[in-house]
Amino acid sequence: MDNITLARLLDETASLLEIDAGDPFRIRSYRRAAEAIQQQTTQLETLAAQDADPKALLAIPGIGKGMATNIRDMVATGTFPLREELLERYKPSILELLRLPGMGPKTVALVHSALGISQVDALEDAARRGDLLHLPRMGQKFTDKLLKGIEDYRKNSSRFRTDVAQGYAERIREFIARFPGIETITPAGSLRRGRETVGDLDLLVTGPACEPDVVAAAVQHVASLPIIHKLLARGQNKVSFTLDNNLQVDVRLLPRSSYGAALQYFTGSKMHNVALRQRAIKHGLTLSEYALLRLEDNVVVASRTEQEIYQALGLDFIPPELRENSGEIEAAEAHALPRLIERSAVRGDLHMHTTESDGHNSIREMAEAAIERGLEYIAITDHSRNLAMTNGMDDARTLAHAHRIRAVSTDLAEEFAAGRGPQWERYQRLLRTPPSAQPPSTDPAPEIPRPTAPFRILAGVEVDILPDGTLDLSDETLAGLDIVVASVHSGFNQTEEEMTARILRAVHSPYVHILGHPTGRKVLEREPYKLQLTPVLQACARAGVAVEHNAQPARADLNDLNLRLARQLGCRIVVNTDAHTTAQLDHLAYGIVQLRRAWLQAADVLNTLPVHQFLAALRRTPSAPLYAAKNQE
DNA sequence: GCCGTTTTCGGCCCGACTGTTTTCAGTCG
């Protein structure tokens with residue numbers, strides 16, 4: 001059993017305990033343990049083995065004697081006693097109820113005990129019949145909101161978040177790659193196109209082991225994948241199965257000769273492929289998942305690589321993120337495709353947290369992790385006081401924290417000047433690492449650029465926008481910071497007009513540099529959340545306030561829409577991770593994909609600039625070169 | 001259930017908002 005499953009079972013048990021009105025601190029232990037396990041890089045299965053050091057599990061913070069026993073039980077039997085006991089009392093489907101807005105553990109327990117409800121369907125029926133009105137604290141308003149919530153839930157629950165699908169794709173890839181003669185494994189479909197959510201997972205596999213006469217053995221290997229929950233189909237060169245979370249996976253093993261055609265076909269989108277096939281016919285060709293053929297004599301024109309296929313159709317190569325039939329084919333024909341932004345273009349990350357509020361790492365740790373990822377500057381933006389749950393900072397703490405942030409920044413600069421410290425260590429390591437041996441190239445190995453400027457940490461804060469549009473820290477405090485990110489954390493029952501007015505007032509505060517997005521797990525689905533942001537984005541463009549594209553996968557589907565809008569209106573855009581751990585700095589990659597899907601280039605994004613230019617551009621007069629250049633277009 | 005202790009028991013992030021109340025429990029971040 002792998003870490004993700006172990007963590008999920010513990011987390012589910014925590015939820016069941018909540019419904020069961022268990023000790024809140026015990027519940028938190030289970031959640032903490034689940035979180036700790038998810039962050040482990042080694043598989044706990046090996047640490048829990050019979051012959052492993054019995055102390056190994058206990059070394060993980062958050063895992064004690066009891067939890068270690070649970071983990072060993074799960075590895076051995078797939079479950080553990082407490083979980084079984086709770087599942088006897090409640091059906092597993094009751095966990096779904098917790099995902100509905102307004103439904104917390106107490107309310108779930110109430111409908112279960114009073115009406116015997118443990119499924120979304122049954123809850124919906126009860127709500128429609130008006131049965132809920134007889135229960136304490138539940139009125140018409142609650143019922144209406146719940147029904148709306150169920151509707152939204154149904155819309156989204158059949159798809160999986162891109163990072164979840166990506167995680168499974170990685171694990172399956174790792175397993176399949178062990179088979180000799182497998183060379184390439186590529187996720188296709190909406191995952192490759194960078195969609196925020198995916199319906200199912202398509203993996204395309206090729207290599208000598210996938211040639212028609214020998215493919216059976218490789219198919220057998222794929223079908224023996226341990227995490228298969230239910231095998232749906234097993235054909236000559238295709239294996240379909242579901243995982244225990246119901247995600248469907250299709251693995252196709254293809255000969256190298258037709259791999260490009262297959263990759264193109266299964267990457268989609270459907271509309272892009274339709275347009276492409278129409279274009280093929282106009283050129284006297286026909287495109288299928290096997291090859292691009294000449295119509296008159298069925299001779300293969302291209303099939304090995306996608307590049308060949310696009311070229312044969314008279315098109316520049318179209319990056320997967322753009323394949324939505326929204327102008328990319330015309331642009332490829334005119335050689336007018338934009339050069340999309342890449343991960344390496346981003347130099348700074350301006351939104352992250354430390355242990356001062358709800359982050360898991362220190363200032364120094366975040367900085368070193370950012371240096372390791374090749375960034376040149378970051379901003380530490382812990383929460384302000386209104387978010388009490390995160391240990392949000394009041395004015396005094398904010399300034400004291402800023403002082404410490406600048407001290408660490410100075411330390412790093414001094415180490416840099418002395419030719420030591422994390423920046424130089426990384427440089428030395430890069431020099432020692434032999435250049436990647438993969439593509440045999442005649443080019444000389446690229447020179448590793450010597451770091452020329454010290455890493456910089458900006459002192460900032462993530463302030464909350466209060467219902468009246470003011471911020472929850474004083475102007476004096478905000479004026480003492482390098483960067484202020486303003487986000488809305490509550491008040492989602494306000495009308496759209498109220499929300500807009502609230503954000504607009506904050507945008508006009510002279511201390512706000514970046515407008516973050518409204519946040520919240522359950523509120524993301526709520527209707528007021530799909531704000532018509534046009535007036536807000538217009539105000540940002542006028543005031544020179546940058547608009548944040550939050551790279552967190554959980555925020556993704558909010559941003560896609562507003563990103564295009566922001567660009568059209570000439571907003572300055574920054575992409576930030578909002579990291580709460582060093583590992584989450586890697587989320588930048590998800591943010592970049594979203595930017596690419598919105599056709600953005602490096603020049604459209606403010607934090608691709610070196611730190612001094614960035615800071616100059618961030619000032620509240622929209623006079624930065626970036627801004628001027630965009631308006632000339 | 002975990003953790004750490006002047007080590008085996010006591011502490012463990014908390015404040016705002018909502019819908020239903022006439023004083024507050026439950027949800028949320």
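Just so we're on the same page: letters track the sequence lines, and every chain starts at 1. What's counted below: heavy atoms across the whole structure, side chains too, no hydrogens, waters or symmetry copies.
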Sugar-phosphate only, base, or nothing, as touched by A/F25 at under 4.0 Å among non-hydrogen atoms: base
Same-atom distance (P) from B/dC14 to B/dT7, integer angstrom: 25 Å
Sugar-phosphate only, base, or nothing, as touched by A/M67 at under 4.0 Å among non-hydrogen atoms: sugar-phosphate
Any side-chain donor near an acceptor of the partner, A/R195 and A/S190, under 3.5 Å: no
Touch class at under 4.0 angstrom, heavy-atom based, for A/P24 against every strand present: nothing
Sugar-phosphate, base or nothing in reach of A/E18, heavy atoms under 4.0 Å: nothing
Smallest separation among heavy atoms of A/I457 and A/A367, with atom names: CD1-CB, 3.7 Å
Interatomic distance at C1', B/dG26 relative to B/dT21, whole Å: 12 Å
Touch class at under 4.0 angstrom, heavy-atom based, for A/P136 against every strand present: nothing
Touch class at under 4.0 angstrom, heavy-atom based, for A/D23 against every strand present: base
Under 3.5 Å donor-acceptor, A/N3 side chain and A/L44 backbone: yes
Base paired to B/dT8 (Watson-Crick or G-U; both N/O distances under 3.5 angstrom): none
Sugar-phosphate only, base, or nothing, as touched by A/I27 at under 4.0 Å among non-hydrogen atoms: nothing
Any A/R137 side-chain N or O less than 4.0 Å from OP1/OP2 of B/dT20: no
B/dC12 versus B/dT6 - spacing of their P atoms, nearest Å: 16 Å
Donor-acceptor contact present, side-chain A/T381 to main-chain A/M352, <3.5 Å: yes
Whole-Å distance separating the CZ atom of A/R99 from the P atom of B/dT27: 17 Å
